[in-house]
Amino acid sequence: MLEKLEELQKEFRESVGTLADKNSLADFKADYLGKKGKLNDILKGMREASADVRKTVGAKANEFKQEIQDSLSAQLLKIETAAINAKLEENWQDISFTDSVKAKGLLAAGYHPVTIIQREIEDIFISMGFDILDGPHIEDDFHNFEALNIPDTHPARDMQDTFWFADMKHLLRTHTSTIQVRGMEANDPPFKFIGPGKVFRCEATDASHEMAFHQLEGMMVGKDISVANLIYFMKALLSEIFRQDVNVRLRPGFFPFVEPGFELDIECLICAGKGCSVCKQTGWVELLPCGMIHPNVLKAGGIDPKKWNGFAFGLGLDRLVMMRYHIDDIRHLHGADLRFAEQFKSY
Ligand code: PHE
């Protein structure tokens, strides 16, 4: 009997680990411990056995019963754990910021640095009572050249600078000064406004030149406006923007639509005036061309130059952004490289 018991125990130990679900566990248990099960089958002859045998076999049988119970419970736990793990594996979701999540478009959005600076400047000018005007990218000769006192022979009309449409009448605006003309057409003086926007030039690109870039035009028309007024507004603008002392210089500049005309340069903040690719080794960056509005321009805009005068400026927005954030190549601004764009997220 003891031998049979030991054989059964061996058989049990070999097969219990192979049970893979609850039903086969229940069947297995009945097979061993049930009334007509394998254990009772062996113990059938107990009544006729001697007291000694009954004692040893009884003890062994009880031990075995306990082993069966324990092993079956352990196997059940194993099966259940495996089932939970399988389910977890199946429903697994990565909630961390990995590349796969970014690719699904869950990346936090941010503003382009040009937008950030443009809005800052808009706020400054709004606080000084300026309006904000817009204008079309596709313009005609009149708004881009004619009304701005740019004669037919002016080099700015050269095919190299201007993207003309096939009809040779329309073009991509080469500067936001077109908004000056549209602003004069739409308003009676006195008025003051700014006009930010994209402009286009057919030029070779390098660290400081792009074919598409941004300007921010400004115009103020009123009575007895002077160069001193112009300089006051330009200084206010620069000190608000940079919030630090920047060295500036004013020199004469020629633009057909202003008289007198000026170039307002700032000392290059990228190289601290030492000379680099952005300032073309000069230490200075042309940032703010400006001047007193030419009487012909006022006339073309339907304004009597005997009664009114004013100033205009055309801020180079991309260059300003580059100075503010120490960006050493304008091509980064249009490069669509996310590693560049992501740096500005927190602004
Ligand atoms: N429109 C000029 C340019 O693009 C800049 C400018 C604007 C100069 C207003 C004077 C006054 O170069």
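Small disclaimer: the values here were computed from a predicted structure and weren't measured. Order of listing sets the numbers, starting from 1, for every ligand and every atom in it. Basis for what follows: all heavy atoms, side chains included, without hydrogens, waters or symmetry-related copies.
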With heavy atoms only and a cut-off of under 4.0 Å, state how Phe313 meets ligand 1: side chain, backbone, both or neither.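 Backbone only.
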Between Lys198 and Glu210, does at least one N-O distance fall below 4.0 Å, as a salt bridge requires?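 Salt bridge between Lys198 and Glu210, a charged N being under 4.0 Å from a carboxylate O: no.
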Electrostatic pair Glu120:Arg243 at N-O distance under 4.0 angstrom: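 Yes.
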Of the listed options Arg173, Gln215, His294, closest to atom 4 (O) of ligand 1 (non-hydrogen atoms):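 Shortest heavy-atom distance from atom 4 (O) of ligand 1: Gln215.
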Have a look at Pro289, Ser177, Gly314 and point out the one with the heavy atom closest to atom 1 (N) of ligand 1.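 It is Ser177 that holds the nearest heavy atom.
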Give a yes/no verdict on whether any heavy atom in [X] is under 4.0 Å from an atom of ligand 1.
| X | answer |
| --- | --- |
| Ala312 | yes |
| Arg201 | yes |
| Phe257 | yes |

Within the 4.0 Å heavy-atom shell around Gln180, which atoms of ligand 1 are there?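 The atoms of ligand 1 under 4.0 Å from a heavy atom of Gln180 are 9 (C).
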Checking ring-ring contact (aromatic ring centres under 6.0 Å, His included) for the pair His332/Phe340: CA distance, chi angles, key distance, verdict? CA-CA 7 Å; His332 287 311; Phe340 170 77; 5.7 Å; yes
His112 and His334 aromatic centres sub-6.0 Å: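 Between His334 and His112, which both carry aromatic rings, the centre distance is not below 6.0 Å.
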Kindly say whether the aromatic ring centers of Phe233 and Phe313 come within a distance under 6.0 Å.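 No; Phe313 has its ring centre 6.0 Å or more from that of Phe233.
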With side-chain hydrogen bond (donor to acceptor under 3.5 Å, both in side chains) as the criterion, how do Asp21 and Ser24 come out once you've worked through the C-alpha distance, each side chain's angles and the decisive distance to 0.1 Å? CA-CA 6 Å; Asp21 58 68; Ser24 39; 3.1 Å; yes
Judging by distance only, is a nitrogen or oxygen of His175 under 3.5 angstrom from one on ligand 1?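 Min N/O separation from ligand 1 is below 3.5 Å for His175.
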